[in-house]
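Everything on this sheet refers to the single structure shown next.
Residue indices begin at 1 and follow the sequence shown.
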Amino acid sequence: MFNQDPWQKTASKHTTSCVRFRGLGVEGVGVSAGNQQQDDAKSPAPPSAAGGPQAAASPQRPGETFPWFEHWYPVAVLADLDPRKPHAAHLLGIPLALWRDKSDTWHAVEDKCPHRLAPLSEGRVESDGTLQCAYHGWQFDGRGACTHIPQLRGDDKAQQVACASRRACVRAFPVQEVHGLLWVLPDSSEEAWSKAAEKPMPVNAIRDLVDPKDPSSRFKQQSQWFARDLPIRYDTLCENLLDPSHIPFAHHGVMGKRTKEQGSSTAVRAMGLGGFESHVSLTGGEGRVTFEAPCLSKYELQRLPFVPALFAVPTKPGWSRFFYTTLLNTKVEHKIPALVIAIFSFISGIGWFEHNNSRNRVLDGDTYILHVQERLLRAQGDDWRRGYYMPAPADSSVVAMRRWLDEFGGAVPTCEPGAPLPPAMSKREVLDRYSQHTAHCSHCQKALRNIDLATALAAAGAALAAVWLVARAVVGLPLLAPASGWGALAAVACAGVLAALRSLRHQFFYVDYVHAEKH
């Protein structure tokens, strides 16, 4: 399950053993949330291991910490990247400039020109495939070497000496394209480049995607990739993605209904350096939820072929990038008609429609809640044990996520102790669809251009129909004649289309989400 964790099988053997959890003073296979409140003398006795949140024992080796900078992370959807210009991105607190050279190879360098620290992502891609800084024209290749300094033209020796200096170089990071995503290894060392030359499959890549040559592969990508930048810390986002019990409430009417919650539960079965796996019991059925470090979560429910794959990528303090796609499990037995799956695939293929009516609506349901929540937790010293009261079994996966970060995460990049948390944003800023998604989504950008064109045509049509009616009135033609009626009908139709297009355009920018109005 967690292929980067060589001892995971050993950990799974301990899931039913009686183990004393380090620092919590609880014996058993679970961690009760009641133990977080032992400082409160008035609190009721902690629920038993059978009744409270469960988190499997994790036999950690001394000093074992997840190597955050030794793993690949998705940073962008390839279909959303314009190869004609560089793009800005962030990963583990490192600002990146991404570009594609003339051989169609993508590159990633630190977004900081060594000359005067200008952002290289604001530059341009030259005909020779190098990245040119927009400030003074310095040029860099895919390994970060400076290849040209315009201010030293005419002095070949000075040019050669300056470009050869280590101070003229910019940090470059290995890049590869896998499953429609651009992945970056945030390690610029020679050792990292040597390993990257072997093109290793990223640990968090969905390895079971259907391969005609591999009969054991079981997943088929059912929807296109969706990406959105969220003003939420990585740890907060992971905690949310692994919490199925919030779905009927935070996403009522979009992914579930409040009245359907009849007592959800989760129980962690295995935990190790590579992540953990939980058994979930929901109103819609049972199954498992897995967290595969550093950033992939998957939900697999019995008798349901659809498997959500969710990526939480730490970008910079207070922010994460979220990637999503739906997988179709080709090996699971289910009773969903092929026609329903075909319809779902067709709708998912209309990128802008699926993004606005499904993915963005889901995220808008709880992003502002999480944005506020993590600032309240910061006010309590980021102490989740004291800040949260989680008495229900449904909270086990949240406990497990927090315990994994505590036991294996170490100083999680962008979330490490002392990492700044940006000032609180307004609800409108938090739910800004345009800057977080639309601006860098090729599907939504194309749809927005088409909507603007259609709006202009509808406005022109309404204006022509109005001029037609005025002209007929001026020359004394009867306004009740059929020709006038057709003109009035055209004006009303164009006005209606215009209003609909303006409403649709609004969906690409900001839509307020008011839970009190979700009946």
Task: Donor-acceptor contact present, side-chain E429 to main-chain S426, <3.5 Å - done: yes

Kindly indicate whether the side chain of V398, heavy atoms from C-beta on, has any atom under 4.5 Å from the side chain of M390.
-> yes

- Task: Using modelled atom types only, decide if a donor and an acceptor are shared between the side chain of T236 and the backbone of I232 within a distance under 3.5 Å.
- Result: no

With sequence neighbours left out, the residues meeting ring-ring contact (aromatic ring centres under 6.0 Å, His included) with H371 are none

One should read off an interatomic distance between S121 OG and L96 CG, to the nearest 0.5 angstrom, of 9.5 Å

For F344, the ring-ring contact (aromatic ring centres under 6.0 Å, His included) test, sequence neighbours excluded, returns F306

(Q) Looking at W193, I'd like to know if the NZ or CZ of R143 sits under 6.0 Å from its six-membered ring centre while staying within 45 degrees of the ring's axis. (A) yes

Is L327 close to Q222 at the side-chain level, that is, under 4.5 Å between some pair of heavy atoms? no

Can you check whether W319 reaches H90 side chain to side chain, under 4.5 Å on heavy atoms? no

Are the aromatic ring centres of Y234 and W68 under 6.0 angstrom apart? yes

* E286 backbone acceptor or donor facing S281 side chain under 3.5 Å -> no

- [ ] Inspect the surroundings of NZ in K427 and state if more than 12 heavy atoms from other residues, nucleotides or ligands are less than 6.0 Å away.
- [x] yes

request  = Spell out, as yes or no, whether a donor-acceptor pair under 3.5 Å connects the side chain of R171 to the backbone of D111.
outcome  = no

Applying ring-ring contact (aromatic ring centres under 6.0 Å, His included) to F226 and not counting sequence neighbours gives H355, H437

Between A411 and E416 the two heavy atoms that sit nearest each other are CB-CB, 3.9 Å

Checklist entry - Would you call L230 and L363 a side-chain contact if the rule is heavy atoms closer than 4.5 Å? => result yes

Interatomic distance, CZ@R233 vs OG1@T315, rounded to 0.5 Å, equals 12.5 Å

Fill in: Stepwise side chain to side chain contact (heavy atoms under 4.5 Å, CB included) test for E277 and F291
CA-CA 6 Å; E277 176 181 313; F291 168 68; over 6 Å; no

Value for CD (Q507) from OG1 (T438), rounded to nearest 0.5 Å, stands at 10.0 Å

Q. Under 3.5 Å, side chain of E239 to main-chain N/O of L241, donor-acceptor pair present?
A. no

Applying side-chain hydrogen bond (donor to acceptor under 3.5 Å, both in side chains) to D364 and not counting sequence neighbours gives R228, R433

H251 and G365 have their tightest heavy-atom pair at ND1-CA, 4.2 Å

Please check if the distance between the ring centroids of F66 and W404 is under 6.0 Å.
yes

*What do the steps show when you test Y299 against T290 for side chain to side chain contact (heavy atoms under 4.5 Å, CB included), and what is the final call?*
CA-CA 7 Å; Y299 279 73; T290 57; over 6 Å; no

*Side-chain donor or acceptor of S265 paired with backbone N/O of P393 under 3.5 Å*: no

*Near F69 CZ, under 6.0 Å, is it more than 12 heavy atoms from other residues, nucleotides or ligands?*
yes

### Basic-acidic side-chain contact under 4.0 Å: R218, E300
yes

Between Y368 and Q373, do the side chains contain a donor N or O and an acceptor N or O under 3.5 Å apart? no

message = Tell me whether the NZ or CZ atom of R361 lies within the 45° cone about the ring axis of Y513 and under 6.0 Å from its centre.
response = no

Q.
If you define the side chain from C-beta out and look only at heavy atoms, does anything of L120 sit under 4.5 Å from F140?
A. yes

One should read off an interatomic distance between N240 CG and D235 CG, to the nearest 0.5 angstrom, of 11.5 Å

SG (C441) and CZ (R359) are apart, to the nearest 0.5 Å, by 13.0 Å

Side-chain heavy-atom pair N356, F508 within 4.5 angstrom cut-off:
yes

Of all heavy-atom pairs linking P231 and Q436, the shortest is CD-NE2, 3.8 Å

Can you check whether V280's main-chain N or O pairs, donor with acceptor, with S264's side chain at less than 3.5 Å? no

With sequence neighbours left out, the residues meeting ring-ring contact (aromatic ring centres under 6.0 Å, His included) with W99 are H107

Closest non-hydrogen contact found for V77 with A227 is CG2-CB, 4.0 Å

Query - Side-chain ion pair, R385 and D383, N-O less than 4.0 Å - result: no

Value for OG (S320) from CG (L237), rounded to nearest 0.5 Å, stands at 5.0 Å

Give a yes or no answer on whether the side chain of H246 reaches the backbone of D243 with a donor-acceptor pair at less than 3.5 Å.
yes

ask   = Between the side chains of H179 and Q221, is a donor N or O closer than 3.5 angstrom to an acceptor N or O?
value = no

| said: Just so I know, are the side chains of Y73 and V203 near enough to count as touching, which here means a heavy-atom distance under 4.5 Å? | reply: no

Exactly one candidate in F322, F311, Y324 meets ring-ring contact (aromatic ring centres under 6.0 Å, His included) with W225; the answer is F311

message = Under a plain distance cut-off of 3.5 Å, with no hydrogens placed, do N204 and W183 share a side-chain donor-acceptor pair?
response = no

Those residues at least two apart in sequence (or on a different chain) that pass side chain to side chain contact (heavy atoms under 4.5 Å, CB included) with S189 are D187, E191, A192

- Any donor-acceptor pair under 3.5 Å from S442 side chain to A79 backbone: yes

Note: P74 and F323 closest approach over all heavy atoms is O-CE1, 3.5 Å

In terms of heavy-atom contacts, P314 and A312 come closest through CD-O, 3.7 Å

Open item on the list: Test side chain to side chain contact (heavy atoms under 4.5 Å, CB included) on Y388 and V399; report intermediate values, then the result.
Closed with: CA-CA 10 Å; Y388 295 168; V399 173; over 6 Å; no

**Report entry** salt_bridge(K298, E292) N-O dist < 4.0 Å
**Finding:** yes

Let's go through R428 and D512 carefully: what are the C-alpha distance in whole Å and the side-chain angles of both, what is the deciding distance for salt bridge (Lys or Arg N to Asp or Glu O under 4.0 Å) to 0.1 Å, and is it a yes or a no?
CA-CA 7 Å; R428 189 180 187 92; D512 192 13; over 6 Å; no

Does the side chain of T326 come within less than 4.5 Å of V307's, by heavy atoms? no

- Query: Do side-chain atoms of T266 reach the backbone of H279 as a donor and acceptor pair under 3.5 angstrom?
  - Reply: no

Fill in: SB check E177 R100 (cutoff 4.0 Å)
no

